[in-house]
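All remarks here apply to the structure that follows.
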Amino acid sequence: MLDKRLLRDDPDVVRRSLRRRGHDDAVVTTFLALDEQWRASATALDALKADRNRISSQFAKAKEEGEAALRALREHSTELGRQIEAREREAAELEQRVDELLEGIPNIVSDDVPDGPDASANRELRRSGDPPVFDFKPKPHWDIGEALGIIDFERGVRMARARFAVLVGDGARLSRALVDFFLDRDIAAGFVPVNPPILVNRESVKATGHLSKFSDVMFSVEDGKLFLSPTAEVQLVNMHRDEILEAEALPKLYVAYTPCFREEAGAAGKDTRGLIRQHQFEKVELVGICTPSDGPQIHERITTQAESLLQALELPYRVVVLSSGDTGFASQKTYDLEVWLPGQNAYREISSCSSCGDFQARRANIRYRPQARARPEFAFTLNGSGLAIGRTLVAILENYQQRDGSVSIPKALVPYMGGTQRIE
RNA sequence: GGAGAGGUGCUGGAGCGGUCGAACAGGCACGCCUGGAAAGCGUGUAGGCGCUUAAACCGCCUCGAGGGUUCGAAUCCCUCCCUCUCCGCCA
């Protein structure tokens with residue numbers, strides 16, 4: 001959620017950001033008009049309430065003065081009550097419309113984000129490692145996995161439905177190894193491990209911006225009261241919802257390993273084969289909560305932490321900064337880490353590291369005190385995957401595949417595989 | 001799932017339906033006192049919205065959440081949520 005004052009004082013900043021995202025900026029003008037009406041209505045309402053409060057305080061005295069005085073007060077108060085009721089309805093409705101508009105406006109995209117309508121305008125920042133050279137035609141991971149008997153797509157469908165898969169044997173083991181490997185390294189880098197609930201409530205998903213009207217990507221249970229978390233970003237950002245933190249307590253750096261669930265309703269026909277886009281997947285997530293001045297530094301820290309995992313696994317990747325049109329609803333600026341997938345002959349997203357400024361903190365009401373006794377201010381929130389387990393597994397199968405169909409294990413991972421150096 | 005108790009400020013804990021954003025105590029901050037400290041004394045100590053160039057001032061709102069009764073609700077009624085105790089079930 002943006003600051004109302006930003007819209008009032010600097011509406012053109014918001015309009016420009018909306019246009020850069022490829023949205024209509026008319027919502028800003030609508031907001032300003034409604035906000036104006038709401039403030040006028042609320043001010044009038046407050047004045048009426050002030051009148052009534054003044055009269056209420058006279059009742060005690062009037063009781064001693066007798067029935068006539070009481071009746072006069074009562075009548076006056078009743079009349080004010082009628083006016084208040086009418087005003088209140090009006091003000092509440094206006095406020096609700098203002099809030100709905102406000103909640104639907106995406107974060108301001110950073111100035112240093114490249115302009116562009118979609119992913120085609122994303123800008124590559126750097127590359128690490130060279131794509132492996134094969135003396136045979138590299139296979140996609142679904143062929144490798146099925147041939148080795150470590151990924152079973154059919155049984156996943158049998159147990160659940162399409163876009164669910166089963167890992168078996170060394171597949172399950174490799175997945176576990178990645179979780180442990182990532183957690184160990186993230187914890188060593190200063191992130192505090194968290195093991196959160198997987199079901200989250202409405203307030204929590206609203207706080208991170210996952211419940212905006214336009215993106216209904218979540219599975220829900222209990223009549224929509226609870227959701228299967230689409231990313232541990234939700235849980236970790238909500239660690240401090242409705243709290244006022246002392247400045248010394250910041251930054252808060254968290255890491256959580258969780259399953260994630262996404263409906264993927266808008267992705268029909270996309271990545272239908274393989275593990276890339278599943279309804280259920282596992283992920284190790286990094287989240288930072290910090291002061292505004294620390295924001296850029298923590299964003300880089302999360303990004304380089306995620307990169308270090310790919311480097312340790314010796315997987316080739318590149319870092320891109322998302323264009324204005326591709327940047328997510330709550331984000332000001334997002335770096336995607338894209339790992340090389342020989343089976344697709346392409347770089348594919350394996351981590352997304354976003355800086356949300358105070359956008360989520362305002363929704364989540366996460367504040368901190370710059371100095372003791374100072375007025376609280378909204379914190380900044382940052383998040384990034386470190387890393388997506390399924391996609392990392394895919395990358396390993398495709399990059400480490402051998403001519404004979406076996407897959408070697410990255411050196412750093414061998415201890416986590418009980419010494420196993422090869423899946424065959 | 002069944003039975004009961006309860007949700008008030010940073011904490012504990014009061015609160016005949018009006019003068020209660022809320023006694024009192026503790027904590028914390030600042031000041032006095034002191035060679036320094038403790039004790040003691042004094043002062044202060046929520047958040048949001050509106051108004052304001054900004055702040056102060058001022059006004060409104062907030063005693064788990066939402067409704068209701070009433071001229072008026074922390075206080076009465078209803079619904080929901082949460083916590084605790086006991087029983088049942090269970091990894």
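Every chain is numbered from 1, with letters handed out A, B, ... down the list of sequences. Fair warning: this is a prediction, and the values are worked out from it, not measured in the lab.
Among the candidates D115(A), D25(A), D24(A), D12(A), the single residue satisfying the salt bridge (Lys or Arg N to Asp or Glu O under 4.0 Å) test with R19(A) is D25(A). A side chain to side chain donor-acceptor pair (under 3.5 Å) with S229(A) is found for exactly one of E285(A), R262(A), Q235(A), namely Q235(A).
Salt-bridge formation is detected for the pair E88(A)/K49(A): a Lys NZ or Arg NE/NH1/NH2 atom is positioned less than 4.0 Å from an Asp or Glu carboxylate oxygen. Taking 4.0 Å as the cut-off between side-chain N and carboxylate O, E264(A) and K270(A) do not count as a salt-bridged pair. A salt bridge does not link E95(A) with R87(A): none of the charged nitrogens is closer than 4.0 Å to a carboxylate oxygen.
For R375(A), taking side-chain heavy atoms from C-beta onward, the closest of the listed nucleotides A56(B), G47(B), G50(B) is A56(B). Closest to the R39(A) side chain, of the nucleotides G47(B), G72(B), C51(B), is C51(B). Listed nucleotides C71(B), G50(B), G47(B) differ in distance to T43(A); the shortest reach to its side chain belongs to G50(B).
The P atoms of C86(B) and C28(B) are separated by 34 Å, rounded to the nearest whole Å. Taking atom C1' on both A3(B) and C10(B), the two are 35 Å apart, rounded to the nearest angstrom. Look at the P atom in both G7(B) and G15(B): the space between them is 11 Å, to the nearest Å. As rounded to the nearest Å, G50(B) and A56(B) have P atoms that lie 14 Å from one another. With both ends at atom C1', the span from U45(B) to A54(B) equals 24 Å, rounded to whole Å. Comparing the same atom, P, in G31(B) and in A38(B) gives a spacing of 13 Å after rounding to whole Å. Nucleotides A46(B) and C71(B) have their P atoms positioned 35 Å apart, rounded to a whole Å. Nucleotides U11(B) and C51(B) are separated by 32 Å at their P atoms, to the nearest Å.
Rounded to whole Å, the distance from CG on D3(A) to P on G48(B) is 12 Å. A straight line from CZ of R202(A) to C1' of A65(B) spans 15 Å, rounded to a whole angstrom. Put simply, CD on E203(A) is 13 Å from C1' on C80(B), counting in whole angstrom units. Between the NE2 atom of H76(A) and the P atom of C71(B) there is a distance of 15 Å, given to the nearest Å. I244(A) has its CD1 atom 8 Å from the C1' atom of A46(B), to the nearest Å. To the nearest angstrom, C1' of G47(B) lies 15 Å from CD of E243(A). Atom CD in E88(A) sits roughly 13 Å away from atom P in G66(B) (whole-Å rounding).
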Report each atom pair, protein N/O against N/O of nucleotides 59-61 of chain B, whose distance is under 3.5 angstrom.
residue : atom : partner : partner atom : Å
G59(B)  : N2   : D46(A)  : OD2          : 3.4
C60(B)  : OP1  : N53(A)  : ND2          : 2.9
C60(B)  : O2'  : D46(A)  : OD1          : 2.9
C61(B)  : OP2  : N53(A)  : ND2          : 3.4

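Remark: aromatic rings of H299(A) and Y335(A) are close, center separation under 6.0 Å. Between H279(A) and F219(A), the gap from one ring centroid to the other is short of 6.0 Å.
Atom CG of D358(A) and atom CG of D3(A) lie 7.0 Å apart (nearest 0.5 Å).
At C28(B), none of the side-chain N or O atoms of R369(A) fall inside 4.0 Å of OP1 or OP2 (strictly under the cut-off). Between R367(A) and G48(B) there is a side-chain polar atom (N or O) within less than 4.0 angstrom of OP1 or OP2.
Nucleic acid contact class of R8(A) (heavy atoms, under 4.0 Å, all strands): sugar-phosphate only.
Where P376(A) and D9(A) each meet RNA chain B at their nearest nucleotide, the meeting point lying more 5' is that of P376(A). If you find the closest nucleotide of RNA chain B to A374(A) and to T78(A), the one lying nearer the 5' end belongs to A374(A).
No side-chain heavy atom of R422(A) sits less than 4.5 Å from a side-chain heavy atom of Y400(A). A 4.5 Å side-chain heavy-atom check between Q332(A) and F359(A) finds every atom pair outside the cut-off.
Under 3.5 Å, the side chains of T381(A) and Q360(A) contain a donor-acceptor pair of N or O atoms.
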**Q.** Base-pair map of RNA chain B as dot-bracket, where | denotes pairing with a different strand and pairs are Watson-Crick or G-U under 3.5 Å
**A.** ((((((((.[[[..)..(.....]]]((((((.......))))))(((((.......))))).[[[[[..)....]]]]])))))))....
